[in-house]
Engineer: 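Okay, handing you the structure first.
These figures come from a predicted structure and were not determined experimentally.
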Amino acid sequence: MSQELSPRLDPRSIEPARYRAWQEGGHFHVPASAVLEEGRDPFVIVIPPPNVTAALHMGHGLNNTVQDVLIRWRRMQGRASLWVPGTDHAGIATQNVVERQLASEGLHRHDLGREKFVERVWAFVEETGGTILEQLKAIGASCDWERTRFTLDDDLVRAVREVFVSLYEKGLIYRGEYIINWCPRCLTALSNEEAEGEETDGHLWHIRYPIGDEAAGAAESARDAGAESIGQLPDGRWYLTVSTTRPETMLGDTGVAVYPGDERYAALVGASAELPLTGRTIPIVADRHVDPEFGSGMVKVTPAHDKNDFEIAGRTGLDLLDVMTPDAHLSDDAPEAFRGLERFEAREAVLAALEAEGLLAGRDPHTHSVPHCYRCGTVVEPRLSEQWFVSMKPLAEPALEASRDGSVTFTPAHWKKVYEHWMENIQDWCISRQLWWGHRIPVWYCPCGETIVAREDPTACPKCGAAELEQDPDVLDTWFSSQLWPFSVFGWPKEGDDLKAFYPGHVLSTAPEILFFWVARMIMMGYEFMGETPFRHVYLHATVRDKYGRKMSKSLGNGIDPLEVVERLGADAMRYTIVSQAAVGTDISLDHEDVDSAFANGRNFANKIWNAGRFALMSLGDAPVRPLEEVAGDLTPEDRWILSRLAGAAQDATRNLERFRLHEVAEGLYHFFWGEICDWYLELVKSRLASDDATIREAARSTLVAVLDSALRLLHPVVPFVTAELWGRLPRPEGVEWPEDLIVAPWPEDLGAWRDEDVERRFDGFRALVVEVRRLRKEYGVGEGQRVGIHVTGGPNGFAPAIASEGLVLDQLARVDRVETEPGEGVGAHAVLPNGAELFLPLEGVIDVERERARMSGEAQKLDGLLAGARKRLENEKFVSNAPAEVVEKEREKAAQLDEQVRKLREKLAGLEG
RNA sequence: GGGCGCUUAGCUCAGCUUGGUUAGAGCACCUGCCUUACAAGCAGGGGGUCGGGGGUUCGAGUCCCUCAGCGCCCA
């Protein structure tokens, strides 16, 4: 029990061993029987599966700490608290990593072929895939490691197939040719969410298209009617002007469109324009999509290279002409002069050619959002292509309703609006990817033309019997499998015990960036396949930034490696620091250039806990400790005070955990532990712990053990290691049931009986007195080696005698060796406490009367100001009649108290004058 | 273009949901202490017209409007 503890916490010497002990003790594992047979209330979190290739970064550190805090807290509450870990195969991201490896060997995936390439990715994943999960252990994550899942596990493959086929059968998955977002580097389609807009300074070019001679009259009258975008070229031909940010796409134009009600151009509809550089003639059509207010009110239409234009073509019958290759070069369908050019080279070439022909009307600077591939950053090219899609509208309905009716709630609350807005405007989801790494689309094509969509690989065509079926070459969007995670991890579609016990889950904690990618889709799938929401509450955590406010990122090199923090300062230090900063709805800033100081707060706190525990263990010794109940009659005011404060701290912590206000949990406990237990209670109890009087000593020992026991429990979810280490060494009161490890010790509830406002108020008076004495000593330079006597008079009934009886303690706290309850005589320092008690500190020969007068006068002035404010309020008839009675009453008490304080202070001041 | 958020101490931020305490914390700063749990500590202190303006109210950091600056999301 009393083995020597180091005066400085060394996290490395306790954390890894402690974690191992928890794991070996089976504390992380929750079998279905805990719920189904023992009837325990489940609490379930499924981890946002990190990419299998990922290394832990601070965002993971934060998110997984948040989840672990919740999981540990609920576990202590007795819930069957299950946290399911796992990783995501991360289609594009992983494929890219392996492709880069190949590139360094001078190879391309096509050199290996599909099968070999996929084998190579598997080998890579098997070799490195567990890394991030191992790293999670270092930060203390109490996941059920027996349930680790990977989105390409056999079970999960079955789930994906089931969902695909089922949605197909319901008519919610379809294949079609549409404009999709295409990454010309990854050579795959992307969903709208995967094409990330980035504000870019570019240009809006204005190009002139000659109008067909047959419409010269219409053009002239349009110009005369004020249409500035219509004009005449030097050779006499009329032209119209269109604008574009991507001039190279004009080679694929198949029309020009105007707004149907736009009178300026009505006469031109049905006429034709000559498409420069191509020798083609294109029609002028009317379509409601055109905004007559924007630019010239005429737009070029490039149906194969722009989503809106594609829709215009659908309504107006314009042709589709694809002039680009998959890797964004101009194709053979482009005019010969441009073939083979890369798209941005083509842009320059087109502009030069237009300029040469006198058809470039000019350009304006233009800032607009340019979509980039979320994996490789390449500018996304809208491309006409045949892909698989999910119809989202029907799926979105129940998921939208779930938010509206509160079945799913969000923290911070404003995300509810964001979520609903997206859901209300949801668009179909392109789910096919032209990749090799992922869930292969379960669709086969027969030479006879039959399409087979099946849960099991078919061996023959059900229509013609042919055996040479060809599977769709594409794989599914990674998020297609991630969206099933809340139930696929429990074995769905098999209806086993796990699914019964643990679905639906409770909390989903993740980064706001993937609200649409992942969270929204999980909710939709939950309703579609399980008939209910996958979790009740969505917690969207902060963004971790560096000290300049920039998001931490690999490319900026401003990240902090959580493992480095753990190594140097400990997991507790990291956890406390980030949780205490994780105020709802705000970001976290950490100095990546000085990790020690960034996490100093957490490190210092962990060390403080350690030392408080060390002191307690040394002082308590090995003798048996009696249960608190047995010494209840012997408790002193400070015992009752700290127990009352403990009850308050426990209540606050629980309430704040329930509301996901983790930073308030952390800070509240910090102040309770450091500011109240350490700064006051431990100081007060020191002498009693060494007392020869058994009654005094045992009351102190029992209280100290009880307070530390509960305080360590309360702190455990946030700083699990140091708390568990100390708790395991605390002497256990006889006859009280203590679990083997803090990780499963019951959460302190029902401490309300210890609440005692009167005790707290009286203690506050004592505390104020001590602080005042220290202040006066300091003010007059009375060194700590010098003891003083004080006079205390007035104040609440019994205050002065109570202070006098605390002689020993006052000596320790403020070097006071005499307390008189009679007014003092002579020269000294005066003060009036907020509770009205008067304090006199005789300082003959030390004090400067002038200075004391100035000090007291300043004090009185400050209080006067406050008193005036209170009086003004009370004299205000409207305040007295309108404000709630208790507010008025409080104000009266405040005024009376201030009045007394000021009055006494002025009396003293008058005494000094004499 | 549409939507959302932020602006409080030198710095980083709480507090605003539900209006009422002398507006808090950490860091930084100043002063004194190596007091046998902790110098990663202890004690004391200075520092804020709560972005500007207007409104509602007996009462506004908190609610409403508006302006300015900053940021994010969607198109």
Engineer: For nucleotides B/rC42 and B/rA37, find the distance between their P atoms and express it as a whole number of Å.
Structural biologist: 13 Å
Engineer: Between B/rC42, B/rA43, B/rA40, which nucleotide gets closest to the side-chain atoms of A/K608?
Structural biologist: B/rC42
Engineer: If you measure from the P atom in B/rU12 to the same atom in B/rA43, how many Å do you get, rounded?
Structural biologist: 28 Å
Engineer: Rounding to the closest angstrom, what is the interatomic distance between B/rG71 and B/rA28 at atom C1'?
Structural biologist: 26 Å
Engineer: Does A/K778 have a side-chain nitrogen or oxygen under 4.0 Å from the phosphate oxygens OP1 or OP2 of B/rG45?
Structural biologist: no
Engineer: Could you work out which one of B/rC42, B/rA43, B/rG20 sits closest to the side chain of A/V887?
Structural biologist: B/rG20
Engineer: Would you measure the distance from the C1' atom in B/rG26 across to the matching atom in B/rG32 and give it in whole Å?
Structural biologist: 22 Å
Engineer: Going from CG on A/L708 to CG on A/L682, what distance comes out if it is rounded to the nearest 0.5 angstrom?
Structural biologist: 7.0 Å
Engineer: Report yes if a side-chain nitrogen or oxygen of A/N604 is closer than 4.0 Å to either non-bridging phosphate oxygen (OP1 or OP2) of B/rG41; otherwise report no.
Structural biologist: yes
Engineer: Write down the distance separating the C1' atoms in B/rC34 and B/rG51, rounded off to the nearest Å.
Structural biologist: 46 Å
Engineer: Take atom P in B/rG44 and the same atom in B/rG54, then report the distance between them in whole Å.
Structural biologist: 41 Å
Engineer: Can you figure out which of B/rC38, B/rC42, B/rG5 approaches the side chain of A/W674 most closely?
Structural biologist: B/rC42
Engineer: Please give the distance between the C1' atoms of B/rU56 and B/rC65 as a whole number of Å.
Structural biologist: 10 Å
Engineer: Looking only at atom C1', what distance separates B/rG59 and B/rU18, rounded to whole Å?
Structural biologist: 16 Å
